[in-house]
> 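Here it is: the structure, laid out below.
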2 protein chains.
Amino acid sequence: MEPSYLCADILKALAQPIRLKIVELLADGEHCVCEIFPAIAQEQSNTSRHLQMMLKSGILSQRKEGLKIYYSLRHPEVLEIVHLAETMVDHETMRRSALVKAKRSLPLSR
Amino acid sequence: MEPSYLCADILKALAQPIRLKIVELLADGEHCVCEIFPAIAQEQSNTSRHLQMMLKSGILSQRKEGLKIYYSLRHPEVLEIVHLAETMVDHETMRRSALVKAKRSLPLSR
DNA sequence: CCACTATATGATTATCCACTCATACATCCT
DNA sequence: AGGATGTATGAGTGGATAATCATATAGTGG
């Protein structure tokens, strides 16, 4: 019940490529499982497990309509987090390519 | 090399209670391993592994000074991400306690 | 009731993670 | 050089995670 564990659980729910794709898919609103799993090219069962995992960690919510179950993002913060992480990836990518370039002219520097 | 993998790696580097503690410790500036591992009550070797992991994922940087190696946060976005996750934990905690309260007066609702 | 569709879950497997202990490596001091 | 300190890493272990296949559950329509 310690806060750092809960916080880590939320981040863990986002720290997986397939789950990130699901989050990006849900960025424009709710979708049901039968829409999600073809869109991310995964098996239905695997998709369902990832959705359950995110639901339990509190970042998704569920809405049932007939046979279908629609999932959606519960907190706008999730998208902000993903966006910040993408910003960091961009910075890192630029930094690394700059390092490679620098190494070509100034070998053995760190 | 796909972007969603890199993004997931960054989030994975934050999605662990001990690493979150390290990040919070580094929020006020650089610290060396010998300061960090007693502060988070972990073995030196385990602490070092977590630091290496975060270094490789790109969220930390290293500075050597004599025997000591000082680690620091490379991107301010990391703190923003942790802060957003904490905000979500607060919202979830409030929601859940509200649900419990509601259940006591209106049992069997969802 | 039966067939059909949508979703969840048990069981299994392979892989990854966190941790520990011991040890190596690097740097400093005398 | 030798001892002390700070950090990293190899090897081993137990436990978590992700994926798959098969099956169960639940709602829908004939």
Side-chain angles (χ1 to χ4, degrees), chain A residues 2 4-26 29-72 108 110, chain B residues 2 4-26 29-72 108 110:
Chain A
E2 288 152 60
S4 76
Y5 276 81
L6 296 174
C7 208
D9 281 345
I10 286 179
L11 293 168
K12 209 178 295 176
L14 299 173
Q16 212 273 353
I18 292 177
R19 292 197 289 270
L20 273 182
K21 281 189 189 174
I22 293 176
V23 165
E24 278 157 19
L25 195 66
L26 296 180
E30 63 175 17
H31 289 280
C32 64
V33 185
C34 60
E35 291 166 351
I36 298 171
F37 81 84
I40 62 176
Q42 290 296 311
E43 294 215 346
Q44 179 271 323
S45 62
N46 196 28
T47 304
S48 180
R49 279 188 212 280
H50 282 300
L51 289 167
Q52 289 301 113
M53 189 273 201
M54 291 191 275
L55 183 70
K56 271 159 197 157
S57 78
I59 69 174
L60 296 187
S61 53
Q62 245 184 358
R63 184 179 67 85
K64 199 167 191 172
E65 184 177 317
L67 263 181
K68 300 186 180 179
I69 298 186
Y70 288 88
Y71 286 88
S72 54
L108 283 181
R110 258 241 124 235
Chain B
E2 289 153 60
S4 76
Y5 276 80
L6 296 175
C7 208
D9 280 345
I10 286 179
L11 293 168
K12 209 178 295 176
L14 299 172
Q16 211 274 352
I18 291 177
R19 293 197 289 271
L20 274 182
K21 281 189 191 174
I22 292 176
V23 166
E24 279 157 20
L25 195 64
L26 295 181
E30 62 175 17
H31 288 281
C32 62
V33 186
C34 63
E35 292 166 350
I36 298 172
F37 81 83
I40 62 177
Q42 290 296 312
E43 294 216 347
Q44 179 270 324
S45 64
N46 196 29
T47 305
S48 181
R49 278 188 213 281
H50 281 301
L51 289 168
Q52 288 302 115
M53 189 272 201
M54 291 191 274
L55 182 71
K56 271 159 196 156
S57 79
I59 69 173
L60 295 188
S61 53
Q62 246 184 358
R63 184 179 67 86
K64 200 168 190 170
E65 184 177 317
L67 265 180
K68 301 185 178 179
I69 299 187
Y70 288 86
Y71 286 90
S72 54
L108 282 181
R110 254 241 126 237

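Residue numbers begin at 1 in each chain, while the letters A, B, ... track the order of the sequences.
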> When you check every protein heavy atom under 4.0 Å of nucleotides 24-30 of chain C, what one-letter string (B, S, -) results, 5' to 3'?
--BBS--
> CD of B:Gln44 to CG of B:Leu51: how many Å apart, nearest 0.5 Å?
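Here the interatomic distance stands at 9.5 Å.
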> If I take atom NE2 from residue A:His50 and atom CD from residue A:Gln16, how far apart are they, to the nearest 0.5 angstrom?
4.5 Å
> Quick check for you: to the nearest 0.5 Å, what is the distance between A:Leu20 atom CG and B:Leu6 atom CG?
11.0 Å
> Which pairs count as salt bridge (Lys or Arg N to Asp or Glu O under 4.0 Å) when at least one residue sits in residues 57-67 of chain B, sequence neighbours excluded?
B:Glu30-B:Arg63, B:Arg63-B:Glu65
> As an exercise, state the distance from SG of B:Cys7 to NZ of B:Lys12, rounded to the nearest 0.5 Å.
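Nearest 0.5 Å value for the SG-NZ distance: 11.5 Å.
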> Find the bend of the helix from C:dC1-D:dG30 to C:dT30-D:dA1 as the angle between its two terminal axes (five pairs each), to the nearest 10°.
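The end axes of the helix from C:dC1-D:dG30 to C:dT30-D:dA1 are about 20° apart, to the nearest 10°.
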> At under 4.0 Å between heavy atoms, what does B:Leu51 touch on the DNA or RNA strands: base, sugar-phosphate, or nothing?
nothing
> Suppose we screen for side chain to side chain donor-acceptor pair (under 3.5 Å). Which residues come up paired with B:Glu24, at least two apart in sequence or across chains?
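Not a single residue meets the side chain to side chain donor-acceptor pair (under 3.5 Å) criterion with B:Glu24.
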> Which nucleotide of DNA chain D is the first, and which the last, in the 5' to 3' direction, to come under 4.0 Å of a heavy atom belonging to chain A?
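Reading along DNA chain D, I get D:dT17 to D:dT28.
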> For B:Pro17, what residues pass the side chain to side chain contact (heavy atoms under 4.5 Å, CB included) criterion, not counting sequence neighbours?
A:Ser4, A:Tyr5, A:Ala8
> Could you grab the distance from atom OG of A:Ser48 to atom CG of A:Leu55, nearest 0.5 Å is fine?
10.0 Å
> Could you tell me which residues satisfy side chain to side chain contact (heavy atoms under 4.5 Å, CB included) with B:Lys68, sequence neighbours excluded, listed by chain and number?
B:Cys32, B:Cys34, B:Tyr70
> Tell me which pairs pass side chain to side chain donor-acceptor pair (under 3.5 Å) where either residue lies in residues 34-43 of chain B, with sequence neighbours left out.
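Sorted pair list: B:His31-B:Glu35, B:Gln42-B:Asn46.
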> Using a 4.0 Å cut-off on heavy atoms, which residues in residues 39-49 of chain B reach DNA chain C? List them by number, or say none.
B:Glu43, B:Ser45, B:Asn46, B:Arg49
> Got a sec, which residues hit side chain to side chain donor-acceptor pair (under 3.5 Å) with A:Ser61, two or more places apart in sequence or on another chain?
A:Ser72
